[in-house]
**Q** 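Dropping a structure here in structure tokens format, bear with me for questions.
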Amino acid sequence: MTTIDPTAAAVDGNAEAEAPVTDAAEAGAAEGHEHHHGYISDKSRYLARLKRIEGQARGLHRMVDEEKYCIDILTQISALKSALDGVAMGLLDDHMQHCVLDAARSGGPEGEEKLKEASAAIARLVRS
């Protein structure tokens with residue numbers, strides 16, 4: 001039976017993996033610096049997590065192709081969804097800590113637009 005560890009899918013194998021790095025916010029938040037996306041300091045970690053998720057999806061395909069037990073497949077689907085949720089929550093947190101916070105500090109319509117955008121993203125995540 002092919003198994004995918006649901007805890008390994010959501011984290012890099014240690015407790016620090018889930019905590020977003022915030023030093024990019026401090027570095028990029030200073031006035032006069034070009035704005036970068038909040039996830040940029042964790043880009044390699046996000047890419048590694050997405051590569052594992054991609055492997056999980058291929059594993060699911062293989063499980064169906066090999067006609068594995070339904071419950072085992074459903075368990076792996078749950079793990080895959082959990083891993084995707086982990087990436088989404090990390091990206092959302094990075095967005096709030098960087099893009100939204102920077103826009104709110106600058107004030108004006110850009111700040112309001114970023115807040116609306118974040119609200120809409122949260123609503124989409126809650127519905128899914």
**Q** Any idea which heavy atoms bring L125 and A88 closest together, and the distance?
**A** CD2-CB, 3.7 Å
**Q** Answer yes if M89 and L84 sit in the same cluster of Ile, Leu, Val, Met, Phe, Trp and Tyr residues linked by side chain heavy atoms under 4.5 Å apart, and no otherwise.
**A** no
**Q** Sequence neighbours left out, what passes salt bridge (charged side-chain N to carboxylate O under 4.0 Å, His left out) with E54? Give chain and number order.
**A** R58
**Q** What's the separation between atom CD in E67 and atom CD1 in I73, rounded to the nearest 0.5 Å?
**A** 9.0 Å
**Q** Could you give the distance from CE (M63) to SG (C70), rounded to the nearest 0.5 Å?
**A** 10.0 Å
**Q** Could you give the distance from NZ (K81) to CD (Q56), rounded to the nearest 0.5 Å?
**A** 13.0 Å
**Q** Looking at D65 and R62, does any basic side-chain N land under 4.0 Å from a carboxylate oxygen?
**A** no
**Q** Within this structure, what is the CE-CG distance for the pair M96 and L91, rounded to the nearest 0.5 Å?
**A** 13.5 Å
**Q** What is the distance from atom OG of S128 to atom CG of D85, rounded to the nearest 0.5 Å?
**A** 6.5 Å
**Q** L50: what forms a side chain to side chain contact (heavy atoms under 4.5 Å, CB included) with it, not counting sequence neighbours?
**A** I53, V87
**Q** Kindly work out whether a path of hydrophobic side-chain contacts (I/L/V/M/F/W/Y, heavy atoms less than 4.5 Å apart) joins L115 to L101.
**A** no
**Q** With sequence neighbours excluded, what pairs up with E117 under the salt bridge (charged side-chain N to carboxylate O under 4.0 Å, His left out) test?
**A** K114
**Q** If two hydrophobic side chains count as joined below 4.5 Å and joins carry through other members, does L80 share a cluster with I71?
**A** yes
**Q** Taking side chain to side chain contact (heavy atoms under 4.5 Å, CB included) as the definition, give me every residue that meets it alongside K43, ordered by chain and number, with sequence neighbours left out.
**A** I40, L47
**Q** Just to verify, what does R127 make a side chain to side chain contact (heavy atoms under 4.5 Å, CB included) with, not counting sequence neighbours?
**A** A123, R124
**Q** Considering residues at least two apart in sequence or located in another chain, which fulfil the side chain to side chain contact (heavy atoms under 4.5 Å, CB included) criterion with E112?
**A** none
